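What follows is a short report on a single structure.
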Number of protein chains: 2
Amino acid sequence: MCARVPNVADGMAPDRNRRRIPDATVSRLPVYLRILGEQAEAGVDNISSEGLAELAGVNAAKVRKDLSYLGSYGTRGVGYEVAYLVYQIRRELGLTHDWPVVIVGAGNLGQALAGYGGFGERGFPVAGIVDIDTTKVGTVLGGTRVRHIDELPQIVQTRRVNIGVIATPGAAAQDAADRLVKAGVTSILNFAPIVLSVPRAIEVRKVDLAVELQILSYHEQRRAGGAIHAVQSGTGRSATA
Amino acid sequence: MCARVPNVADGMAPDRNRRRIPDATVSRLPVYLRILGEQAEAGVDNISSEGLAELAGVNAAKVRKDLSYLGSYGTRGVGYEVAYLVYQIRRELGLTHDWPVVIVGAGNLGQALAGYGGFGERGFPVAGIVDIDTTKVGTVLGGTRVRHIDELPQIVQTRRVNIGVIATPGAAAQDAADRLVKAGVTSILNFAPIVLSVPRAIEVRKVDLAVELQILSYHEQRRAGGAIHAVQSGTGRSATA
DNA sequence: AGGCACTCGTGCACACATTCACAAAGCCAG
DNA sequence: CTGGCTTTGTGAATGTGTGCACGAGTGCCT
């Protein structure tokens, strides 16, 4: 196949940022990206919307529409070139360079996150871990020394950190958020079970285990309350998002 | 105020389960519930939709519509009785009794989850932790001894477990899901970064840290690509969901 | 060269979610 | 008992997301 013509609208598209990608699509692009990475690793060069859809557990039309927001990078009759699509999605998601993150809270969860390692591999190296508890300062987690929360501004500035992760108990989370914002962080991933109050310009995403479990509980309860059922041996299999 | 008349449609509403609550609402009810619990603890008896909305970081009309799916439990001109609302939400979410969970994977994340403790408090006691690695079996995490994954069916049956939590590496997650399903679990909370393939009847929810970070990355990248900005000192504060 | 099989990109209709706006309902003061 | 204030509950309008269906390219085979 002929080489792509990446001259126009490739490196830094002039009006690319004008185009807004729907939230629902943005939340699926990372999934496509991971699958495409796996496929590339497995030696797959091209993939159809249907193939990608099956692996991602979604509708093929949705895949095509999602990808169309990036531009028309598919080839009719053939599909999408995996490597090129990976590049385009990475560019759109801003994954062409690393985004160092700082973790606030060195408790159970903070330790798990720091020790996870998957962060760094996926372009989010841990620039630092801080805690307010001085007895925790100095211990080493996943290769990173825990520092005191007062050092947050320094870490954020010297390491150019834009993303903060809150892994504190609920009671300490708002203070953590305030400190992160004051230090200059503009995006926050919050694991604490509270609603944060932050300036409008700050992007916050919440991960709340209790909420997830309670949603599952709702469906379980609903199942139990509905018609008597004995659906145990699953027959059909369907990918689930 | 006159006493409520809980006779009709209280204990087990006959056609309550006929009424389907929208997904978006179900995902917000746990947030309301936590806030209401805090308010009750603080001695607040009544709360208006606007007050609850502010604490939850959402629109007041949305709160009213969400709550209206539970029934008309508010009093015009007054608001909602906190204790009663807590009861109704708990009932609707199926939180009137405990839902024991089993954790698969005793690595970093599994340990953090088991040690978290917040599970049990919120009605999701850890019925067991299992791992495929025999060297991990026998160690104790958060008061629970790690058992071998082959014991999964026994744990699920004796403890009446409906909810499984997958905290394994991605490569092991599908196997974990298969084992959970075979053991009789009907809801799964998946922390592994893969799309699980399970029978249709199984409810799956996914929590993927990499995806969340990449979504934040998108917004950061967008911010950087847009007009030059120096929005640092936040002026307005707004609760964010 | 022409026809055929395949797959993308997208217009359109439908479903779901959010927000506004207001009538209905309750409380309180006098 | 009446009038005024507050707040709910919900119809209607708007916005967002999903999925079908099909035209339009593309490559392969004869």
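Numbered from 1 within each chain, the chains take letters A, B, ... in sequence-line order. Note that the coordinates shown come from a computational prediction; the quantities given were computed from them, not determined experimentally. Below, all heavy atoms of this structure are taken into account, side chains as well, without hydrogens, waters or symmetry copies.
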[X] has an atom [atom1]; how far is it from atom [atom2] of [N], in whole Å?
X	N	atom1	atom2	answer
Asn59(A)	dC8(C)	CG	P	12 Å
Asp23(A)	dT18(C)	CG	C1'	14 Å
Glu81(A)	dT26(D)	CD	P	15 Å

Using only atom types and a distance under 3.5 Å, with no angle test, would you say the side chain of [X] pairs donor to acceptor with the backbone of [Y]?
X	Y	value
Arg90(B)	Leu95(B)	yes
Glu203(B)	His219(A)	no
Ser48(B)	Gly51(B)	yes
Ser217(A)	Leu93(B)	yes

- Which residues, if any, of residues 24-31 of chain A bring a heavy atom under 4.0 Å of DNA chain C?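 None, since no heavy atom is under 4.0 Å.
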
Does [X] put a side-chain nitrogen or oxygen below 4.0 Å from OP1 or OP2 of [N]?
X	N	result
Tyr69(B)	dA17(C)	no
Ser49(B)	dT8(D)	yes
Asn46(B)	dT7(D)	no
Tyr80(B)	dG9(D)	yes

- Message: So, using side chain to side chain contact (heavy atoms under 4.5 Å, CB included) as the criterion, who are the partners of Ala83(B) when residues are at least two apart?
- Response: none

- Who pairs with Arg179(A) by salt bridge (charged side-chain N to carboxylate O under 4.0 Å, His left out), at least two apart in sequence or on another chain?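 Partners of Arg179(A) by the salt bridge (charged side-chain N to carboxylate O under 4.0 Å, His left out) criterion, ordered by chain and then number, come out as Asp150(A), Asp175(A).
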
- Query: Judged by modelled atom types alone, do Asn46(B) and Tyr80(B) share a side-chain donor-acceptor pair under 3.5 Å?
  - Reply: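 Side-chain D/A pair, Asn46(B) to Tyr80(B): absent.
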
- Item | Distance-minimising heavy-atom pair for Ile103(A) and Ala167(A) | CG2-CB, 4.3 Å

- Item | Residue pairs fulfilling salt bridge (Lys or Arg N to Asp or Glu O under 4.0 Å) with at least one residue in residues 32-45 of chain B, sequence neighbours excluded | Arg34(B)-Glu38(B)

- Do the non-hydrogen side-chain atoms of Trp99(A) and Leu213(B) ever get within less than 4.5 Å of each other?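 Side chain of Trp99(A) against side chain of Leu213(B), heavy atoms only: no contact under 4.5 Å found.
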
- Item | From CA spacing to verdict: side-chain contact (heavy atoms from CB on, under 4.5 Å), Val185(A), Ile163(A) | CA-CA 6 Å; Val185(A) 161; Ile163(A) 301 177; 5.7 Å; no

What pairs of nitrogen or oxygen atoms, one from the protein and one from nucleotides 3-6 of chain D, lie under 3.5 Å apart?
none

- Hey, can you pull the residues of residues 61-68 of chain A with a non-hydrogen atom under 4.0 angstrom from DNA chain D? Ala61(A), Lys62(A), Arg64(A), Lys65(A)

